[in-house]
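One structure is given below, encoded as structure tokens.
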Amino acid sequence: MKRLDTDFFIRDVLEVAPDLLGKQIHLHNGENHRIFRINEVEAYRGMEDLACHASKGKTNRTEIMFHRGGYIYVYLIYGMYWMLNFVSGPDNIPQAVLIRGVEEFNGPGKLTRAMGIDKSYYGEDLTTSERIWVSDAKPVKKYNMGSRIGVDYAGEIWKNKPWRYYY
DNA sequence: AGCAAGATCGGT
DNA sequence: CCGATCTTGCTG
């Protein structure tokens, strides 16, 4: 169970996102060690992608997306739900993969609640962290693609990109 | 300082 | 379809 390293995450988000399907998120909190297999993700790609938070430029919240892949981007939505994202791509190309589902829980807000993900994970480095990382696994050959959920505000071009991957 | 919007979810 | 709930970023 090899930990995914920076070489995995610094690739383009359209490669990283589907490659994350089937990979396992490890959570190590004290004596508890839990593992969740990713089964649904979405890609958010650069400043031109109007669905991507980074399209509004670099702010306190989006700053982490401008780093090289491997960091965690966490934010609160609707005052209630933490969204878990993995930064991808090289420095200064803001990209992230939203973790939408794992086998035990469907829905990005439900899985973070179950996993105990909150603001304290913002900026955590998946390639070195002691409490969260992702391990390699056989690629999922057959998966589905579709438009991203909840991004109607992004306009026709971007809301219709088939950048949601699931199996 | 005030305000509008939001990568959701669960209940009508 | 609608409300909950609160941080963020923009405007003044």
Side-chain angles (χ1 to χ4, degrees), chain A residues 4 8-25 27 34 36-90 92-126 129 132 134 140 143-167:
Chain A
L4 296 180
F8 178 90
F9 290 105
I10 63 174
R11 295 175 299 146
D12 190 276
V13 71
L14 297 184
E15 294 181 34
V16 174
D19 281 1
L20 278 171
L21 294 174
K23 301 293 190 282
Q24 295 170 310
I25 298 174
L27 282 166
R34 295 187 296 161
F36 302 90
R37 186 180 294 271
I38 299 169
N39 66 7
E40 183 178 2
V41 298
E42 279 176 1
Y44 289 86
R45 189 167 186 268
M47 299 193 67
E48 70 272 20
D49 176 5
L50 296 184
C52 180
H53 290 161
S55 65
K56 306 262 195 329
K58 189 186 283 191
T59 67
N60 248 18
R61 184 176 64 151
T62 64
E63 181 270 336
I64 195 66
M65 274 197 280
F66 288 78
H67 287 74
R68 60 127 174 94
Y71 290 101
I72 290 183
Y73 169 42
V74 172
Y75 66 92
L76 185 68
I77 190 66
Y78 301 117
M80 276 176 272
Y81 304 104
W82 295 103
M83 298 288 105
L84 174 64
N85 299 256
F86 298 160
V87 175
S88 70
N92 291 311
I93 305 291
Q95 305 181 335
V97 179
L98 169 66
I99 308 302
R100 283 200 70 87
V102 294
E103 288 187 348
E104 298 82 350
F105 309 97
N106 295 317
K110 287 195 286 189
L111 71 88
T112 52
R113 194 177 54 198
M115 295 167 84
I117 300 291
D118 61 17
K119 182 81 180 182
S120 73
Y121 283 80
Y122 182 97
E124 193 99 0
D125 189 346
L126 285 169
S129 174
I132 183 169
V134 185
V140 172
Y143 58 83
N144 307 295
M145 297 166 64
S147 53
R148 295 172 292 181
I149 306 293
V151 295
D152 288 354
Y153 61 84
E156 290 299 316
I157 306 260
W158 299 101
K159 86 178 189 191
N160 291 325
K161 292 284 185 189
W163 290 351
R164 171 170 163 254
Y165 308 86
Y166 59 101
Y167 66 85

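So you know, we letter chains A, B, ... as the sequences are listed, proteins then strands, and number each from 1.
Counting non-hydrogen atoms under 4.0 angstrom, A:N85 reaches a base of the nucleic acid. At a threshold of 4.0 angstrom between heavy atoms, the contacts of A:R61 are confined to the sugar-phosphate backbone, with no base atom among them. At the heavy-atom level, A:M83 lies under 4.0 Å from the strands shown only through sugar-phosphate atoms. Using a 4.0 Å heavy-atom criterion, one finds that A:L98 contacts the bases of the nucleic acid, with or without backbone contacts as well. Within the nucleic acid shown, A:K58 has no heavy atom closer than 4.0 Å to any nucleic acid atom.
Whole-Å rounding puts the A:H53 NE2 to B:dG6 C1' distance at 7 Å. Between the CE atom of A:M80 and the P atom of C:dC2 there is a distance of 16 Å, rounded to whole Å. In this structure, the OH atom of A:Y81 is 4 Å from the C1' atom of B:dC9, given to the nearest Å. Following rounding to the nearest Å, A:R45 (CZ) and B:dA7 (P) show an atom-to-atom distance of 20 Å. Rounded to whole Å, atom C1' of B:dA7 lies 12 Å from atom CD of A:E40. Rounded to an integer number of Å, the gap from A:L84 CG to B:dT8 C1' is 15 Å. Per the geometry, CH2 belonging to A:W82 stands 16 Å off C1' belonging to C:dA4, to the nearest Å. The distance between atom OH of A:Y44 and atom P of B:dG6, rounded to the nearest whole Å, is 13 Å.
OP1 or OP2 of B:dA5 has not a single side-chain nitrogen or oxygen of A:K56 nearer than 4.0 Å. Checking the phosphate oxygens (OP1, OP2) of B:dA5, no side-chain nitrogen or oxygen of A:Y153 falls inside 4.0 Å.
Inspection of the A:Y167 and A:E103 side chains reveals an N or O donor paired with an N or O acceptor under 3.5 Å.
Counting all heavy atoms, side chain and backbone alike, A:G123 lies closest to A:Y71 at O-CD2, 3.4 Å.
Base-pair partner of B:dA7: not found among the strands shown (Watson-Crick or G-U wobble, both distances under 3.5 Å). In this structure, C:dT5 makes no Watson-Crick or G-U wobble pair, since no nucleotide meets both defining distances under 3.5 angstrom.
Among the nucleotides B:dT8, C:dG9, B:dA7, the one closest to the side chain of A:T59 is C:dG9. Of the candidate nucleotides B:dA7, B:dT8, C:dG9, B:dT8 has the atom lying nearest to any side-chain atom of A:I149. Listed nucleotides C:dA4, B:dT8, B:dA7 differ in distance to A:Y78; the shortest reach to its side chain belongs to B:dT8. In the set C:dT8, C:dG9, B:dA7, the nucleotide with an atom closest to the side chain of A:M65 is B:dA7.
No more than 12 heavy-atom neighbours from other residues, nucleotides or ligands sit within 6.0 angstrom of CD1 on A:I157.
In this structure the side chain of A:W163 reaches within 4.5 angstrom of the side chain of A:W158, judged on heavy atoms.
For A:T62 and A:I77, each mapped to the nucleotide of DNA chain C holding its nearest heavy atom, the one lying further toward the 5' end belongs to A:I77.
A:Y122 places a side-chain N or O within 3.5 Å of a backbone atom of A:R61 that can act as its donor or acceptor partner.
A salt bridge links A:R11 with A:D19; the closest basic N to acidic carboxylate O contact falls under 4.0 Å.
Remark: A:R113 fails to qualify as a cation-pi partner of A:F105 under the 6.0 Å distance and 45° angle criteria applied to the six-membered ring.
A heavy atom closer than 4.0 Å to some atom of DNA chain C occurs in no member of residues 106-116 of chain A.
A distance of 4.0 Å separates CD1 in A:I25 from CZ in A:F86, rounded to the nearest 0.5 Å.
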